[in-house]
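Only one structure is covered here, and it is reproduced in the block below.
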Amino acid sequence: MPERTLLIIKPDAVSRNAIGDILKRVEDKGFKIQQMRMTRFTREEATRFYAVHEGQPFFDGLIDFMSSGPVVPAALERDDAVSILREIIGVTDSAKAAEGTIRREFGTTVQRNAVHASDSPETAEDEIAFFFGDST
Ligand code: IDP
Ligand code: MG
């Protein structure tokens with residue numbers, strides 16, 4: 001069954017000119033890019049997007065980082081989109097992510113890890129609506 005997920009290319013990856021390389025990785029894995037744009041989170045928007053992590057020790061740093069420069073959110077579609085994207089990005093900490101994963105190749109630390117990917121089909125739809133509205 002086709003499913004959607006949200007990818008965000010984070011400010012660290014945008015600033016190291018990795019947008020094209022990351023999009024090529026996901027397209028080569030069979031994802032269709034349904035919607036995409038470049039934008040920048042205000043602190044308020046980042047706080048809303050990451051509300052589930054409010055109260056975590058890393059929260060303030062995460063909001064600083066995510067609002068520090070442009071990001072590229074993209075709605076992606078393929079079978080099992082959520083789990084396949086999580087697989088190819090690797091674990092949260094770029095330093096611990098497996099060889100060949102996007103976070104290992106384009107990120108550096110647990111915070112500056114190059115990309116966001118939705119963690120469930122339900123979250124994915126909410127996150128896609130956050131950027132692109134409900135009309136997709
Ligand atoms: P995920 O992005 O792999 O789903 P989450 O636990 O949802 O990981 O955390 C959201 C984001 O918060 C991470 O991608 C990372 O940028 C940041 N983060 C998570 N854990 C830590 C941490 O322990 N220290 C610093 N930043 C963190
Ligand atoms: Mg998460």
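For ligands, and for the atoms within them, numbers begin at 1 and follow the listed sequence. Index from 1, following the sequence.
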Would a 4.5 Å heavy-atom cut-off, applied to side chains only, mark F49 and I8 as touching?
yes

Looking only at distance, does R86 have an N or O less than 3.5 Å from an N or O of ligand 1?
yes

What I'd like to find out is whether the side chain of P2 reaches to under 4.5 Å of the side chain of D79, using heavy atoms alone.
yes

Closest to atom 20 (N) of ligand 1 by heavy-atom distance, out of F49, F58, Y50, F59, is F58

Looking at R103, which atoms of ligand 1 are within less than 4.0 Å of one of its heavy atoms?
1 (P), 2 (O), 3 (O), 14 (O)

Pairs of nitrogen or oxygen atoms closer than 3.5 Å, one from H53 and one from ligand 1: do any exist?
yes

A side-chain contact here means heavy atoms from C-beta on lying under 4.5 Å apart; do M66 and P11 qualify?
yes

Please report which non-hydrogen protein atom sits nearest to atom 15 (C) of ligand 1, along with the residue it belongs to and the distance in Å to one decimal place.
V110 O, 3.1 Å

Can you name the atoms of ligand 1, numbered from 1 with element, that are less than 4.0 Å from a heavy atom of N113?
13 (C), 14 (O), 15 (C), 16 (O)

Taking the inter-plane angle between the rings of Y50 and H116 on a 0 to 90° scale, is it parallel (under 30°), tilted (30 to 60°) or perpendicular (over 60°)?
perpendicular

Nearest heavy atom to atom 16 (O) of ligand 1, choosing from Q56, M66, Q111, belongs to Q111

Residue selection (non-hydrogen contact nearest atom 8 (O) of ligand 1) among T92, V52, T123:
T92

Would you call E87 and D80 a side-chain contact if the rule is heavy atoms closer than 4.5 Å?
no

Just to confirm my output: which protein heavy-atom neighbour is closest to atom 17 (C) of ligand 1, and how far is it?
L62 CD1, 3.8 Å

Pick one of side chain, backbone, both or neither for how K10 approaches ligand 1, counting any non-hydrogen atom pair under 4.0 Å.
side chain

Give a yes or no on whether a salt bridge exists between D93 and R103, defined as a side-chain N under 4.0 angstrom from a carboxylate O.
no

Counting only N and O atoms by type, is there a donor-acceptor contact under 3.5 Å from the side chain of R104 to the main-chain atoms of A98?
no

